[in-house]
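Reminder, nothing fancy here: chain letters follow the sequence lines and each chain counts from 1. Any value given below was found using the heavy atoms of this structure, including those in side chains, with hydrogens, waters and symmetry copies removed.
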Amino acid sequence: MSALELRSLQKRYGEVVALRDVDLTVRRGEVFGFLGPNGAGKSTTIDIVLDYVRPTDGTATVFGLDAQQEGERLRQRVGALPDMRLFGHLTARQHVQFVADAKGCDDDPVALLDRVGLGRVVDYTADGFSTGMGQRLKLAMALVGAPDLLVLDEPSTGLDPNGAREMRDIVREENARGATVFFSSHILEQVEAVCDRVGILSDGEIVAEDSIENLRDATGTQATLVVSVDSLTERAVAAVRDLEDVSDVVADENRVRVTCPDERKAAVVDAVRTDDATVLDIESDDASLERLFATYTGGLR
Amino acid sequence: MTDTATSDDTATSDETTNGTGRPPDTATDTAADSITGRLGALSVLGRRSALDPVRSGNGYVTVVLFLLVAGLFAYTQADSPQVTFSNIVGIVSMVAPFLVVVRCADALAADRESGRVRGLLALPFSRRQVLVGTLLGRLAWFVAAAFGTLAVALAVFLARGGVVDPTASLVGFGLLCLQLTVYVGVAVGVSAAVATTARAVVVASAVWLVTQLFWTELPVLVSYLLNGFEGATRPEWADTFVALGPLAAFETLSTAFVQGGSVRPVLGGEPWSALVVLFVWFAAPVLFGLRRFERASL
């Protein structure tokens, strides 16, 4: 049984179609990134899984539990970080304790707050928290009871780079203990860094569902590599041109520019050094993921 | 350091069965389905809702308003020969609906408007549990606030040499609790039915206005409209209609069981039939609110 399954999920708000026909399977034990531009329908999808809104058609199930029919049992096994507001007059500790009471588990609130970096403000009320602190608190609430599935809606919203990295570390730790993680994001680096697979949602439809490498291969998006050396020989340039999967080779004075897949970069550098040239600089334009995203969501075609 | 804690949980909890590909349904499902599980959910939600006015610091307004009415009357009326303490309880009962409507209409609507209710419903609660838990919690808070202020009023009353009629006062307090129950039901029901605090306050206040102030005038008003604005006669159904209002029902109970006077039969029956009327006034808004809340997009 898969961790999360969406079958022919549709949602219309009057004339507006939020989800057209979404089919998606998140396997047990994987970290799944749910990508898409703003307004693609990511939040609507998560809202249906958590039963905040009812689908016009189709089903959402988590570990075989239907989101509409068996919502309470479903949410017993899910740690969720939805788009929500905190209770301003409650302390961080009271928030986490409330979730522990709700789920009937005896997790130590202080330990969880320590883990998300709020160990020093456990007894402060949430109305004094910054967006980033609020996000950390929501994460701590999602972690209560070691849930089998984490559903995180844009978890890094409001976090600084350090916070975002810590968030990723926690996602990895949770995954390592056996949790499945499903998180939505429009930030590609976040997704690439932790996800086993991604689904790309565009205009209410899943336009791609695969690992990032496979998606790259499928779209043929490649990196641009520029290698500068102290002296560039004809033989070296010829060696580069002879490499498989390497194209658009342009050589001028002491630099070679090529377009190639990620895994061919080392071979290109080796070829440039055919006559024992010393490498001065390597520049790699790694916007490939951006391009990949744009290709699927219609931003660049 | 907390990582070890969580991995320990993993080893001991139902995660072990996950490896086999079967969900650990038995453990979690029975917990969520059992009666104790449901009561647990209600007590968690109820406690939150009851403590909310205290923790947020807004509850003092309610206490001050109760205290103003009860304390002022206890202070000024203590030496009046025909006033006993049960009269003070009765006066608090008359203002209670207004206080509840004003102070409780935001119960669910504010959480819904702000998105806090999404946080509650990310947890293993049903919407019905959230509504019932909120209702029980708020009711507990109002009963406690009324009890506390009446205790203060009693001290003032005694100190000023007032006459206390214990039985009538206790029955009167019971009726006050009944009155609170009906209007917490109205306020929470309305609050669950609408999406914003502003609407909840307007609708709940309107219900208070109609049921507490204008109910007895409604039959004449209707007759006035039906007669084309020319002379109003009191329609035949007026008495029955008035008896079906929460105000008359409360007064019937109060007269029959506190003051000990004779009352008109309620719908041709005993005075306690008024309890049925009050129950309907409690249950109808709650069920209406529940129906709307369960279908709402949050």
Side-chain angles (χ1 to χ4, degrees), chain A residues 1 13 28-29 47 50-54 63-65 70-91 94-95 98-99 101-105 107-108 110-116 125 138 141-146 148 151 170 173-174 176-179, chain B residues 1-16 18-19 21-25 27-33 36-38 40-41 43-45 47-48 51-58 111 113-127 129 294-298:
Chain A
M1 193 195 309
Y13 294 97
R28 252 165 211 270
D47 284 357
L50 296 176
D51 198 27
Y52 297 144
V53 303
R54 277 54 193 264
F63 301 116
L65 299 167
E70 303 158 289
E72 293 150 69
R73 273 152 67 190
L74 180 158
R75 293 191 296 274
Q76 181 71 34
R77 302 186 59 185
V78 168
L81 191 168
D83 176 15
M84 66 171 199
R85 271 265 302 280
L86 293 162
F87 291 91
H89 57 274
L90 296 192
T91 64
Q94 284 168 336
H95 273 96
F98 182 76
V99 178
D101 292 343
K103 291 196 160 179
C105 57
D107 286 20
D108 176 15
V110 178
L112 277 166
L113 289 166
D114 255 336
R115 196 170 162 208
V116 298
T125 54
K138 289 175 197 167
M141 291 163 75
L143 296 178
V144 171
D148 299 327
V151 175
I170 287 174
E173 289 161 17
E174 288 294 299
R177 76 160 169 83
Chain B
M1 60 156 205
T2 45
D3 294 1
T4 38
T6 30
S7 38
D8 281 352
D9 288 352
T10 312
T12 53
S13 79
D14 35 38
E15 272 299 317
T16 35
N18 273 0
R22 276 294 303 156
D25 280 340
T28 42
D29 288 6
T30 42
D33 284 350
T36 40
R38 267 181 241 153
S43 91
V44 169
L45 286 163
R47 204 168 59 229
R48 175 198 84 89
L51 289 178
D52 221 31
V54 183
R55 284 164 158 174
S56 67
N58 291 330
D111 286 345
E113 191 174 7
S114 68
R116 287 188 294 254
V117 82
R118 290 164 62 96
L120 288 181
L121 286 168
L123 303 172
F125 295 132
S126 66
R127 294 189 186 195
Q129 284 170 339
E294 283 195 318
R295 293 170 181 201
S297 292
L298 302 173

Heavy-atom pair with the smallest gap, counting every atom of Gln76(A) and Pro124(B): OE1-CG, 3.1 Å
Could you tell me the separation between the CE atom of Met84(A) and the CG atom of Leu121(B), rounded to the nearest 0.5 Å? 11.5 Å
When rounded to the nearest 0.5 angstrom, what is the spacing between CD in Gln94(A) and CG in Leu51(B)? 8.5 Å
Option in Asp83(A), Leu81(A), Leu74(A), Leu50(A) with maximal non-hydrogen atom pairs under 4.5 Å from chain B: Asp83(A)
Contact origin within Glu294(B) toward chain A - heavy atom pairs under 4.5 Å: backbone
In terms of heavy-atom pairs under 4.5 Å with chain B, the winner among Gly64(A), Ala176(A), Ala102(A) is Ala102(A)
Check whether Leu120(B) gets within reach of chain A through its side chain, its backbone, both or neither, counting any heavy atom under 4.5 Å. side chain
Taking salt bridge (charged side-chain N to carboxylate O under 4.0 Å, His left out) as the test, write out the residues that go with Asp111(B), two or more places apart. Arg48(B), Arg116(B)
Rounded to the nearest 0.5 Å, how far apart are OG of Ser56(B) and CZ of Phe87(A)? 11.5 Å
Between Tyr52(A) and Ala122(B), which heavy-atom pair has the shortest distance, and what is it? OH-CB, 3.4 Å
Would you sort out whether Leu123(B) and Val99(A) count as a side-chain contact (heavy atoms from CB on, under 4.5 Å), showing the intermediate values? CA-CA 7 Å; Leu123(B) 303 172; Val99(A) 178; 3.6 Å; yes
List in chain and number order the residues that pass salt bridge (charged side-chain N to carboxylate O under 4.0 Å, His left out) with Arg47(B), two or more places apart in sequence or in another chain; answer none if no residue qualifies. Asp101(A)
Contact between Ser297(B) and Arg54(A) at the side-chain level, heavy atoms closer than 4.5 Å - yes or no? no
Taking Arg55(B) for its side chain and His89(A) for its backbone only, find out whether a donor-acceptor pair lies under 3.5 Å. no
Expected output: side-chain Arg118(B) to main-chain Pro82(A) donor-acceptor under 3.5 Å: no
Which distance, rounded to the nearest 0.5 Å, do you find between the CD of Glu70(A) and the OG of Ser126(B)? 14.0 Å
